[in-house]
There are 2 protein chains.
Amino acid sequence: MRLRDENKETLIREQAIALIVQEGFDGLSMQKLAKAANLSASTIYIYFKSREDLLNQVYIAVDEIFAKEVLKNFDPAMSFEEGLWQQWKNRYKYVQKYPLHYHFSEQFRNSPLIKHQDIKESPFRVAMQQFTKNAIQRKEIVDLPPEILWALAYGPFYILIKFHLDQSSMGGKPFSLSEQKMKQAFGLVVKALKA
Amino acid sequence: MRLRDENKETLIREQAIALIVQEGFDGLSMQKLAKAANLSASTIYIYFKSREDLLNQVYIAVDEIFAKEVLKNFDPAMSFEEGLWQQWKNRYKYVQKYPLHYHFSEQFRNSPLIKHQDIKESPFRVAMQQFTKNAIQRKEIVDLPPEILWALAYGPFYILIKFHLDQSSMGGKPFSLSEQKMKQAFGLVVKALKA
DNA sequence: AAGATAAACGAATGTTCGTTCTTTTAAAAA
DNA sequence: TTTTTAAAAGAACGAACATTCGTTTATCTT
């Protein structure tokens, strides 16, 4: 018998991401996707039950990679300043390495398709909670409700990313947010949160 | 002759926003929109040239209201702390008053449909630039590249808004981010930016 | 009240959608 | 090599899509 091609599943997923980023969610039709992946539309249904299933699997795969990349060289036991900086660097590298994934996530996050539940207790979230809990216990930073801490620690970072990404997608291509600029913003965040 | 109903144009726009927020961009079909607005689909084409034109006009109308609301009681000559707090309050009230508009914008912002150009020189942007320029000249805040200043001034605010909005859309309905919590986050932002 | 005009409609256009069915093809098992 | 099995393809389905067209209807002008 003929074997299921493992790469083909990934190929379909990646092409779906590319199409969605290029043309939005309406742009992802099964026939367009088939053409982009050099397949018959019906072949997609061997690997995915339906369009909805495909979207879900894409979302899951993207999230998995994100969680993996963002935990590199990170330990919840790190000092707050070191650990948060590592997070900023990891997220920055993630955006650079998987720009399409990032754009896809940004679109998916605000779409009504998303199932807001069940994402609560990922090992990723657990690590993050432990990290901030440690920092507060050690009195490295002020004691704050988690969402305020989170808002200050990452809000400026993501606006910075979005700004530079929009900037580069408008004019010439290369995305460059200098590490110096990131450090500057990071310094201000630390200043705000320091106990 | 029969007169064009001015309210009908607004009605169509508002129903379009509601549909998009509920079901995403694919959810906005002309026939569904017609049914939601109690119209024949062809009637929509009296007021809008095409689906694309409709989306553009919706975007423009939403943006206009936003700019109007957010400039209330605001003057670029204000002190930084007073002016930025007024901005936070205005934006908070905007989200409360037009929650659908906010959700629509969040979806539209990350969609490939948006035309990134030509939004540069709105009177709104001009006021904001003057405001931060004043604050730096008066040495109220540290001298920073505009995008870093912007990232710190608004990043935490919008993450806070998103968090509480998601929270309320999941469980029971009412959206409540207490002014006390906003003040707490605001205090940290000011601490970070103070010269 | 009569006529004019544009708003409003329902029906129909051709296209594209997601999905399924039947057939062909290729590779693993015999 | 032959048989078997599932992957892959292609044609086909009804449904829904954006848009247009010819007719009807309401309201203004006269």
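No hydrogens, no waters, no symmetry mates; every other heavy atom, side chains included, goes into these values. Note on naming: letters A, B, ... go to the chains in the order of the sequence lines (proteins, then strands), and numbering restarts at 1 for each one.
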Return the orientation label for the A:Tyr102 and A:Tyr158 ring planes: parallel under 30°, perpendicular over 60°, tilted otherwise.
parallel

Just the rounded figure in Å: distance from P of C:dA27 to CZ of A:Arg4.
17 Å

Tell me: CD1 of A:Ile46 to C1' of C:dA26, nearest whole Å?
13 Å

Hey, what are the protein-to-nucleotides 13-15 of chain C N/O distances that come in under 3.5 Å?
none

Residue B:Tyr47, side-chain heavy atoms: nucleotide from D:dA7, D:dA9, C:dA8 that is nearest:
C:dA8

Salt-bridge present (B:Glu106, B:Lys162; N to O < 4.0 Å):
yes

Using atom CG of A:Leu39 as one end and atom P of D:dG10 as the other, report the distance to the nearest whole Å.
11 Å

Nearest whole Å is fine: how far is D:dG10 C1' from A:Lys35 NZ?
13 Å

For the ring pair A:Tyr92 and A:Trp88, is the centre-to-centre distance below 6.0 Å?
no

Counting just side-chain N and O atoms, does B:Lys8 come under 4.0 Å of either OP1 or OP2 of C:dA8?
yes

Results of side-chain hydrogen bond (donor to acceptor under 3.5 Å, both in side chains) for B:Gln31 - residues two or more places apart only:
none

Looking for any heavy atom pair under 4.0 Å, which part of the strands does B:Phe48 touch: base, sugar-phosphate only, or nothing?
nothing

Classify the ring geometry of A:Phe131 against A:Phe80: parallel below 30°, tilted from 30° to 60°, perpendicular beyond 60°.
parallel

Looking at B:Asp26 and A:Arg51, does any basic side-chain N land under 4.0 Å from a carboxylate oxygen?
yes

Degree of bending in the helix from C:dA4-D:dT27 to C:dA28-D:dT3 once both end axes are built from five pairs, to 10°
10°

Identify the residue among A:Lys97, A:His101, A:Arg91, A:Lys93 that makes a side-chain hydrogen bond (donor to acceptor under 3.5 Å, both in side chains) with A:Glu69.
A:Lys97

Using whole Å, report how far CD of A:Glu6 lies from P of D:dA7.
12 Å

Okay, side chain of A:Asn90, backbone of A:Lys72: is any donor-acceptor separation there less than 3.5 Å?
yes

Among all residues two or more places apart in sequence or in another chain, which pass the salt bridge (Lys or Arg N to Asp or Glu O under 4.0 Å) test with B:Lys194?
B:Glu81

Find the distance A:Leu33:CG to C:dC17:C1' and express it as a whole number of Å.
13 Å

So, with a heavy-atom separation below 4.0 Å from DNA chain C, the residues of residues 14-27 of chain B are none

Taking all non-hydrogen atoms of both residues, which atom of A:Ala67 and which atom of A:Phe124 are closest, and how far apart?
CB-CB, 4.3 Å

Nearest heavy-atom pair of A:Ala77 and A:Arg138: which atoms, and what distance?
O-NH2, 2.7 Å

Please list each protein N or O that sits under 3.5 Å from an N or O in nucleotides 18-21 of chain D, with the distance.
| from | atom 1 | to | atom 2 | distance (Å) |
| --- | --- | --- | --- | --- |
| D:dA18 | OP1 | B:Leu28 | O | 3.4 |
| D:dA18 | OP2 | B:Met30 | N | 2.7 |
| D:dA18 | N7 | B:Gln31 | NE2 | 2.8 |
| D:dT19 | OP2 | B:Tyr45 | OH | 2.7 |
| D:dT19 | OP2 | B:Arg51 | N | 2.9 |
| D:dT19 | O5' | B:Tyr45 | OH | 3.3 |

For A:Lys191, does the NZ atom have more than 12 heavy-atom neighbours from other residues, nucleotides or ligands under 6.0 Å away?
yes

In terms of ring plane angle, is the pair B:Phe25 and B:Phe108 parallel, tilted or perpendicular, where the classes change at 30° and 60°?
tilted

Nearest-Å distance for atom pair CG/P, residues A:Asn7 and D:dA7
15 Å

Salt bridge present between A:Glu147 and B:Lys181 (N-O < 4.0 angstrom):
yes

